[in-house]
Amino acid sequence: MSNNSTDLKKIISHCKEYGYVFPSSEIYDGLSACYDYGPFGVELKNNIKDYWWRSMVRLRLDVVGLDSSIFMHPDIWKASGHVDAFNDPLIDNKDSKKRYRADQIVENYIDKIVAKVDKEIKKAEKRFGDNFNKNQFIKTSDRVQQNLKKINETKELLNKYLADEDFRSLKKLIEDIGVVCPVSGTSNWTDIRKFNLMFSTKIGSVADQASQLYLRPETAQGIFVNFLSVQKTARMKIPFGIAQIGKSFRNEIIARQFIFRMREFEQMEMQFFVKPGQEMSWFDYWKAERKKWHNTIGFNDDVLKFHDHENLAHYANAATDIEFKFPFGFKELEGIHSRTDFDLRSHERHTNKKLQYFDSEINDHYTPYVVETSIGLDRMFLAVLCNSYKEEPIKDGIRTVLNLPPILAPFKIAILPLVKKDNLPDKSKEIYNKLKSNFSCYYEEKDSIGKRYRRQDALGTPFCVTIDHETLDNDTVTLRYRDSMDQVRISIDELIITINNKLTI
Ligand code: GAP
């Protein structure tokens, strides 16, 4: 697991070199916070989507799918609260003219103190060895206690000022804790202003008659406004969920950390409709379910944690983030929110149409409550890469390997003729044709076999099949495993069953 910003740089350059992710519009010098997925990236992304869809929709009787449009009636975004409240607090440094999110610069300050505390604990652990009692050390170290106090006080003030939209006090907090602009090194800050994150555009060909549209900032509202149509046509009974995967757009002010925060990204969201009063047990259920999902994909507990929200949005009665340990620290990967009946009721108010469910068991109508799970596909992609990227010492140097879970790997098998002559390419293509309807296969004949193995390791291909002169005599091939680098000789007829058996998560 990579653990610092150097490692993020390595992952970014690995993505570019191996056709996973390219900066968007690169030959025009790029477009910030927009990225393109290359031949290997698009396969990995599709595999993550399929894996999510399979576990959230296909393997469940109580969740169905939807694909709603990106453009929706503009009033939807008034009802959802996005027109009035989907804002970030902005602050500029007058000397460097650089713009920042005021909440993020305070959070970065807090992260730095957290890192200091961690360092202090690690140092003590080293010093005391087996006798180290972490809890006692934390309680008795003055320096750690002072820093923890600073962290708690700053967090409390930040949350309060954000909730009250008290930007004057937030600016004062930034000044008091001594945050300086990393570019100019000064604390010459402007006042904080609100900035709406939605992109807008116009519909219609005549400018005057055109009406304003928004590019959706979340896919969830498409689910809410289709709630009754889906429930009736799919004959769903509460509790049930509607899932959707699609693009969302946010005019993020600070777009950093590669594909972690983008302006155009994809979300995989599911709204689970429940009887009012039962939402908390479903919230706990989805917390556990989603954590299990991350565990099965190879994220161990040491790279995952829940961050329960203390300050809830006005429509939520519980919320938590599943955080992943990215190279730049634990950050939100997925949100699980108990959104009450806020969205459905608000759409009812704005349309004068009932969005209620008739519960035949109690012979009555009600507006369901909603528990939402929402994960960014691109962020999940980055987490999968961070969790898989390894540099391993081997006898002739270092090999870079992506230990991707086989089910997510862009290509499961690389088909490699040992040399580009003696009929080996023809025989290899015959094998490729035999395997291609069962597995995504990659054919490659350029370079030495050693170099091709290294390249496939770096691409994350779990199995290589090498065709040599013996293959022509007895229809056997070499099967090489990415993780162990072990090689076995097996007959072509056994390939499908052998690889299928190994194609677990
Ligand atoms: N419907 C709820 C919702 O959209 P959110 O916490 O704003 O909640 C959910 O977003 C998830 O979408 C996040 O946990 C993150 O994975 C992803 N996400 C949000 N903004 C993003 C961005 N600018 N770039 C990439 N992913 C983003």
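Indexing begins at 1, ligand by ligand and atom by atom, following the structure's order.
- Proximity annotation for atom 20 (N) of ligand 1: of Arg216, Arg250, His337, Arg250 comes nearest, heavy atoms only.
- Scanning all protein heavy atoms for the shortest distance to atom 9 (C) of ligand 1 gives Ser374 OG, 3.0 Å.
- Under the 4.0 Å criterion applied to side-chain N and carboxylate O atoms, Arg339 and Glu279 are not assigned as salt-bridge partners.
- In this structure, Asp92 pairs ionically with Arg193, as a charged nitrogen and a carboxylate oxygen lie closer than 4.0 Å.
- Between Phe272 and Phe240, the ring center distance fails the sub-6.0 Å criterion.
- Applying the 4.0 Å criterion to heavy atoms of Glu334 picks out, from ligand 1, the atoms 14 (O).
- Distances between N or O atoms of Glu332 and those of ligand 1 include at least one value under 3.5 Å.
- A donor-acceptor pair is defined here as one N or O able to donate and one able to accept, closer than 3.5 Å; no such pair exists between the side chain of Asn226 and the backbone of Ser229.
- Counting heavy atoms from C-beta on, the side chains of Lys171 and Thr190 never come closer than 4.5 Å.
- Not a single heavy atom of Met380 sits closer than 4.0 Å to an atom of ligand 1.
- For a threshold of 3.5 Å applied to N or O pairs, the pair formed by Ile375 and ligand 1 contains no separation below that value.
- Phe265 CD1, 3.5 Å is the protein heavy atom nearest to atom 26 (N) of ligand 1.
- With respect to atom 10 (O) of ligand 1, the closest heavy atom belonging to the protein is Gln267 NE2, 3.4 Å.
- Close approach to Phe260 involves these atoms of ligand 1, each under 4.0 Å from a residue heavy atom: 24 (N), 25 (C), 26 (N).
- Partner of Gln221 under the side chain to side chain donor-acceptor pair (under 3.5 Å) criterion, chosen from His82, His347, Arg216: His347.
- Side chains of Asp301 and Asn295: a donor-acceptor N/O pair is present below 3.5 angstrom, by distance only.
- Heavy atoms of Arg339 approach ligand 1 to within less than 4.0 angstrom.
- Among Glu269, Lys331, Glu252, the residue whose heavy atom lies closest to atom 23 (N) of ligand 1 is Glu252.
- In summary, Glu264 and Arg250 do not engage in a salt bridge, as defined by a charged side-chain N under 4.0 Å from a carboxylate O.
- Distance from atom 15 (C) of ligand 1 to its nearest protein heavy atom, with residue and atom name: Arg379 NH1, 3.5 Å.
- Nearest protein heavy-atom neighbour of atom 24 (N) of ligand 1: Met262 N, 2.8 Å.
- Heavy-atom contacts of Glu372 reach the following atoms of ligand 1: 1 (N), 2 (C) (cutoff under 4.0 Å).
- Close approach of ligand 1 to Glu218 is summarised as follows: ligand atoms under 4.0 Å from at least one heavy atom of the residue are 1 (N), 2 (C), 3 (C), 4 (O).
- When non-hydrogen atoms are compared, ligand 1 lies under 4.0 Å from the backbone of Leu333 (N, CA, C, O) but not from its side chain.
- Between the side chain of Thr340 and the backbone N or O of Tyr315, at least one donor-acceptor pair lies under 3.5 Å.
- Side-chain contact check for His365 and Asp359: no donor-acceptor pair (N or O, by modelled atom type) lies under 3.5 Å.
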